[in-house]
Amino acid sequence: AAGVIQSPRHLIKEKRETATLKCYPIPRHDTVYWYQQGPGQDPQFLISFYEKMQSDKGSIPDRFSAQQFSDYHSELNMSSLELGDSALYFCASSARGPDSGNTIYFGEGSWLTVV
Amino acid sequence: AQKVTQAQTEISVVEKEDVTLDCVYETRDTTYYLFWYKQPPSGELVFLIRRNSFDEQNEISGRYSWNFQKSTSSFNFTITASQVVDSAVYFCALRESNFGNEKLTFGTGTRLTIIP
C-alpha cells in the first residue's frame with residue numbers, strides 16, 4: 001500500500017540558511033500534518049492542513065511556514081535556520097470518515113541537521 | 001487540554017519475557033482516539049493500533065495485545081514472548097475528534113530494550 005512520502009530524507013544546512021521539506025500524503029487522504037521531533041523527545045505538532053486550508057497550528061516558529069498544494073502535497077519551509085532546528089521532521093496524513101479509521105500515518109521522516 | 005503520560009521512561013527485559021507498557025491519558029472529549037506507535041532505531045513512526053473511545057474491547061494481534069480501560073483512562077500495551085526486534089521507543093498518543101483539533105498528542109515514549 002502507498003505510504004506517506006517525504007523528501008529529502010536527510011539534509012544538512014548552515015545556520016541562517018533556508019530549507020524546504022516536501023511531503024506527498026497517502027492517496028485520497030485529505031489532511032496533512034507536520035511534526036518535529038528533537039533528539040530524545042516525542043514528536044511535537046507544528047501545523048496541519050485539511051483540503052489545502054490550514055486547519056490547526058501548534059508550536060511552529062514564525063520562521064517556518066507551510067502550505068498544501070492543489071495536488072495535496074505539502075511543503076514545510078524553514079528560514080533563518082538555527083542550531084536548535086536540528087531534528088527529525090515528520091509528515092503525516094489521514095482521511096476522515098468512518099471507513100478511514102481516523103488513523104494518522106507517518107512518513108519516514110526528514111533528518112535536518114543545522115551546522 | 002489533552003495529555004498523555006507514559007511513566008516508564010526505559011524498560012529492559014530478557015528475550016522471551018512478557019512486558020507491559022503503560023499509558024494514561026486525559027481528555028475532556030467524550031469521543032477520542034488512542035494510538036500506539038513504534039519508533040525503531042531507524043527513526044520511522046510505525047502505526048500499531050488505534051482504539052476508539054466508544055469501543056473498549058481489548059485487542060490481540062499476534063504477540064501484541066492492548067488493554068483499554070476508560071474507567072482508569074488507561075491504554076496499556078503488552079508484548080508477549082518479546083523478541084530483539086521489539087527493541088524500540090513506543091509512543092502512546094491521543095487524538096480528539098473536534099474539527100480543527102485533530103492533531104495527535106504524544107506521550108514522552110518508553111524505550112524498550114530486549115536483551116538477547
Side-chain angles (χ1 to χ4, degrees), chain A residues 1 3-6 8-10 23 26 29-51 53-60 66 86-113, chain B residues 1-10 21 23-25 27 29 31-55 59 61 66 75 88-111 113:
Chain A
V4 178
I5 306 298
Q6 291 187 244
R9 292 296 315 283
H10 300 268
C23 169
I26 293 172
H29 278 196
D30 50 27
T31 306
V32 167
Y33 311 79
W34 286 98
Y35 283 79
Q36 177 193 57
Q37 185 179 26
Q41 297 180 1
D42 55 287
Q44 296 293 312
F45 172 71
L46 294 178
I47 195 167
S48 62
F49 294 88
Y50 170 67
E51 288 290 345
M53 298 288 289
Q54 181 181 311
S55 56
D56 198 2
K57 193 172 181 181
S59 50
I60 184 170
S86 296
L88 179 57
Y89 289 83
F90 285 105
C91 176
S93 72
S94 67
R96 293 168 186 257
D99 296 332
S100 70
N102 292 288
T103 297
I104 299 178
Y105 295 94
F106 286 80
E108 293 184 318
S110 294
W111 292 89
L112 170 66
T113 301
Chain B
Q2 57 198 50
K3 183 180 178 182
V4 177
T5 301
Q6 294 180 255
Q8 303 151 309
T9 304
E10 295 191 27
L21 309 183
C23 173
V24 175
Y25 63 91
T27 179
D29 253 15
T31 301
Y32 51 89
Y33 306 91
L34 295 163
F35 301 81
W36 277 95
Y37 289 88
K38 174 182 179 180
Q39 187 171 41
S42 50
E44 70 269 26
L45 276 170
V46 179
F47 165 74
L48 295 179
I49 190 172
R50 182 198 85 254
R51 175 61 67 221
N52 304 335
S53 57
F54 45 85
D55 179 7
E59 183 160 338
S61 176
W66 292 268
F75 187 42
V89 178
Y90 290 85
F91 289 100
C92 180
L94 168 69
R95 178 185 184 187
E96 294 179 341
S97 63
N98 299 325
F99 180 79
N101 186 26
E102 296 164 307
K103 60 184 177 294
L104 281 172
T105 296
F106 285 86
T108 50
T110 297
R111 180 176 299 277
T113 302

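Each chain gets a letter, A, B and so on, in the order its sequence line appears, and its residues count up from 1.
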Problem - Interface residues of residues 38-47 of chain A facing chain B - heavy atom cut-off under 4.5 Å - result: Gln41(A), Asp42(A), Pro43(A), Phe45(A)
Practice task
Let me know if Thr31(A) has heavy atoms under 4.5 Å from chain B in its side chain, its backbone, both or neither.
Solution key: neither
Practice task
Please report the shortest heavy-atom distance between Leu88(A) and Gln39(B), naming the atom on each side.
Solution key: CD2-NE2, 3.9 Å
Practice task
Taking all heavy atoms of Arg95(B) and all of Ile104(A), pick out the closest pair and write down the distance.
Solution key: NH1-CG1, 3.7 Å
Exercise for the section: To the nearest 0.5 angstrom, please state how far the OG atom of Ser94(A) sits from the CZ atom of Phe47(B). Expected result: 11.5 Å
Handout entry: Donor-acceptor contact below 3.5 Å, side chain Tyr35(A) vs main chain Leu104(B)
Key = yes
Completion exercise
The residue among Phe91(B), Tyr37(B), Phe35(B) that forms ring pair (Phe, Tyr, Trp, His ring centres under 6.0 Å) with Phe106(A) is Tyr37(B)
